[in-house]
Amino acid sequence: MGENNLTNFFSEYIKQESIFKQKSALQNNFLPNEITHRDEQIMNVAKILAPVLKGNKPSNLFVYGKTGTGKTLTIRHITENLMKTAETQKIPLKVIYMNCKMGKVADTEYRLIATLAREFGQEIPITGLPTDEIYSIFFRCVERAEKSVFIIMDEIDSIIGKIGDEILYNLTRINSELKKSQITIIGISNDLVFTDNLDPRVKSSLSEEEVVYPPYNAFQLQNILRERSTIAFREDAIEPGVIEKCAALSAREHGDARRAIELLRVAGELAEREQSKKIQLSHLDLADDKIEKDRVLDTILKQPKQYHVVVYSILKLTKNSESVMTGEVYDLYKNVCNSVNLRPLTQRRVSDVISELDVLGVINAKVTSKGRYGRTREITTEVGPEILDEAWKAVSEELGL
DNA sequence: AGTCCACAGGAAGGGCAGGCGA
DNA sequence: TCGCCTGCCCTTCCTGTGGACT
C-alpha cells in the first residue's frame with residue numbers, strides 16, 4: 001500500500017461513522033443505572049444489608065450463581081446506593097471490594113488481611129510479619145475506624161480452595177471482640193456447592209443469609225442485550241434478529257450474560273472492521289467462532305512446552321485420520337521431543353497431559369476398548385478446522401518446526 | 001471360557017520452587 | 001537470610017479392565 005493510499009485510508013477511516021456510540025457499555029466493568037431481571041435478588045440483598053442504616057449489624061451474606069448471572073454487578077449496584085444513603089445520613093459505613101482471584105493481592109492469608117488493612121490507610125510490609133500480628137493490626141484499624149465495614153469477597157471459592165477456610169473463621173470471630181465497629185462479610189461464589197466443604201462453624205456463621213442467582217433465560221438475555229445496545233450502539237446499527245440470535249446462542253450455554261454481551265461487542269468490532277454499517281447475523285457467527293478460537297488458542301499457548309509437543313503430535317496425527325490412540329500420540333511425541341531437544345516425559349505423564357487437555361476442551365479423549373487390541377483413549381479434535389489450523393501454526397512456530 | 005492387548009489410572013515417592021516463620 | 005514446609009510436576013511400579021480373538 002503506497003503512502004497516498006495509506007493517508008486516504010486513514011482519512012476515510014476518520015470520516016466513517018462508528019457503529020459504536022459508547023463501547024464501554026459492553027465492557028464487563030460497566031455499571032448500568034438499571035439492572036434488568038434481578039429485582040428479586042436486589043430486593044433480597046437490600047433487605048439483608050439495610051439494617052446497617054439503623055446502626056445494626058446485618059447478617060453475613062452469601063451469594064451464589066454461575067458466571068454471568070449478575071452477582072458482582074448487583075452487589076456493586078446495591079452497595080453503591082447504600083453508600084450514598086449512608087453518606088447523606090452521616091452513617092459511618094465502609095465497603096471494601098476484593099476480588100480473590102487477583103494474584104498477589106489476595107492469594108494468601110497474609111496478603112488478604114494485609115490488603116484489607118491497607119484499605120484503612122495502614123502501611124503493611126509485603127512480608128515479614130507473623131500472621132497473628134497482621135490480624136491484630138487489622139483489628140485495631142477496624143476498631144479505630146468506628147464504622148460498619150462490609151467486606152465483599154468476590155470469587156471467594158478460589159481462595160478458600162487455596163488457603164483453607166480458617167481465614168473466614170478468624171474474620172467472623174474478630175467481630176465478637178469489636179466494640180465500636182462491626183464487620184459484615186459478603187461472599188460471592190460461582191460454585192453452588194461451595195459451602196458444603198466448609199468447616200461447619202464457618203458455614204453457619206457465614207451463610208446466615210443466602211441469595212441464589214439463577215441463570216438468565218433467552219428472553220431475559222434479549223432484554224439485557226437490548227438495554228445495553230441502545231447505550232452502546234448508534235441507532236439502527238443492528239439488523240433485526242441479531243439480538244434474538246445473540247441471546248439464543250448464549251442461553252444455549254448457560255445463560256451467561258457476560259458472554260452474551262461479549263459476543264455482541266465482538267460482532268460489532270468485526271462489523272466495523274468490515275466497514276459494514278450494521279451488525280448482521282453473519283457477524284454473530286463470526287464473533288462466536290472468534291471467541292472460541294481465541295479461547296482455545298489462549299488455553300493452548302498458556303500451557304508449558306511439553307503440552308505443546310503433545311498438542312502438536314495430536315494435531316499432526318488427526319490431519320490424516322479421524323481419531324488417534326494414546327500410543328500413536330506418544331510415539332510421535334517422543335520423536336518430536338528428540339528433534340526439539342526436549343526430554344520426553346513418561347507415557348504415564350503424557351496420559352495425564354492428554355486428559356488435562358480434554359478437560360480444557362482443547363481435544364476430546366474418550367476411553368474405549370479395542371478388544372484384542374487393548375484399551376486406550378480415542379482422541380479426536382472437535383473444534384473447527386480453521387481453529388486447528390491456527391493452533392497448528394502457533395504451536396509449530398513456537399516449537400520451531 | 002479364557003486369553004491377552006494396550007493402555008487407564010491409583011499409590012508412593014523423588015526433586016524442585018517458592019512461600020513461611022524464625 | 002536460612003532451613004522448613006508445602007504443593008506441584010514427574011517417575012516408577014503397579015493393578016485393573018472391555019472386549020476381540022481363540
Side-chain angles (χ1 to χ4, degrees), chain A residues 98 100-118 123-139 155-171 191 197 199 299-314 316-318 320-338 340-381 395 398-399:
Chain A
M98 270 201 323
C100 302
K101 248 204 180 136
M102 296 219 295
K104 309 266 180 193
V105 178
D107 56 354
T108 66
E109 191 172 8
Y110 182 100
R111 281 182 182 156
L112 201 147
I113 303 297
T115 308
L116 288 177
R118 286 196 198 98
E123 291 202 12
I124 307 261
I126 296 168
T127 177
L129 297 174
T131 312
D132 282 5
E133 183 67 15
I134 288 292
Y135 272 107
S136 57
I137 290 174
F138 173 63
F139 177 81
E155 314 213 38
I156 193 170
D157 40 335
S158 72
I159 35 154
I160 304 310
K162 227 184 275 175
I163 62 179
D165 53 13
E166 207 169 312
I167 186 163
L168 294 179
Y169 180 67
N170 291 334
L171 278 177
D191 186 352
N197 307 321
D199 185 314
T299 39
I300 291 177
L301 292 176
K302 258 197 303 209
Q303 306 307 317
K305 204 168 179 183
Q306 293 284 2
Y307 287 55
H308 292 170
V309 183
V310 177
V311 171
Y312 176 91
S313 307
I314 292 170
K316 182 158 189 177
L317 289 169
T318 47
N320 301 323
S321 67
E322 191 68 15
S323 72
V324 279
M325 303 189 311
T326 307
E328 302 173 65
V329 173
Y330 187 65
D331 286 343
L332 180 58
Y333 162 83
K334 267 191 299 187
N335 287 335
V336 177
C337 274
N338 285 331
V340 293
N341 281 329
L342 207 61
R343 197 171 55 82
L345 302 174
T346 53
Q347 174 157 329
R348 178 68 187 83
R349 179 62 189 140
V350 171
S351 166
D352 278 347
V353 170
I354 289 172
S355 56
E356 278 175 55
L357 290 171
D358 179 35
V359 171
L360 289 170
V362 175
I363 57 166
N364 244 329
K366 211 173 83 217
V367 283
T368 51
S369 176
K370 299 238 182 298
R372 186 70 238 266
Y373 307 104
R375 236 162 87 85
T376 180
R377 279 206 188 87
E378 217 167 35
I379 303 162
T380 52
T381 50
V395 174
E398 203 260 335
L399 294 171

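Throughout, a chain's letter reflects where its sequence line sits, starting with A, and its residues are numbered from 1.
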What pair of heavy atoms forms the shortest contact from A/Gln303 to A/His308, and how long is it?
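Here A/Gln303 and A/His308 meet closest at O-NE2, 3.1 Å.
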How close or far is atom C1' of C/dG19 from atom NZ of A/Lys370, stated in whole angstroms?
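To the nearest whole Å, that distance equals 11 Å.
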Between P on C/dC9 and CZ on A/Arg343, what's the gap in Å once rounded to a whole number?
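Answer to the nearest Å: 15 Å.
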C/dC13, OP1 or OP2 - any side-chain N/O from A/Arg349 closer than 4.0 Å?
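Answer no for this pair, as no side-chain N or O of A/Arg349 is under 4.0 Å from OP1 or OP2.
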Reckon A/Ser369 has a side-chain N or O less than 4.0 Å from the OP1 or OP2 of C/dG19?
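It does not, given that no N or O in the side chain of A/Ser369 lies less than 4.0 Å from OP1 or OP2 of C/dG19.
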Let's go through A/Val353 and A/Gln306 carefully: what are the C-alpha distance in whole Å and the side-chain angles of both, what is the deciding distance for side chain to side chain contact (heavy atoms under 4.5 Å, CB included) to 0.1 Å, and is it a yes or a no?
CA-CA 9 Å; A/Val353 170; A/Gln306 293 284 2; 6.0 Å; no
May I ask you to decide whether A/Arg349 forms a salt bridge with A/Glu356, counting only side-chain N to carboxylate O separations under 4.0 Å?
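A salt bridge is present here (some side-chain N lies under 4.0 Å from a carboxylate O).
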Atom NZ of A/Lys316 with >12 non-hydrogen neighbours under 6.0 angstrom
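For A/Lys316, atom NZ is not crowded (no more than 12 foreign heavy atoms under 6.0 Å).
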For residues A/Lys366 and A/Ser323, determine if any side-chain heavy atom of one lies less than 4.5 Å from a side-chain heavy atom of the other.
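Side-chain contact under 4.5 Å: no.
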Flag side-chain contact, heavy atom, 4.5 Å: A/Thr380 against A/Thr318:
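Not touching, per the 4.5 Å side-chain cut-off.
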When all nucleic acid strands are considered with a 4.0 Å heavy-atom cut-off, which category describes A/Pro344: base, sugar-phosphate, or nothing?
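Sugar-phosphate contact only.
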Could you run down nucleotides 6-16 of chain B 5' to 3' and tag each one B, S or - for protein heavy-atom contact under 4.0 Å?
BBSBB------
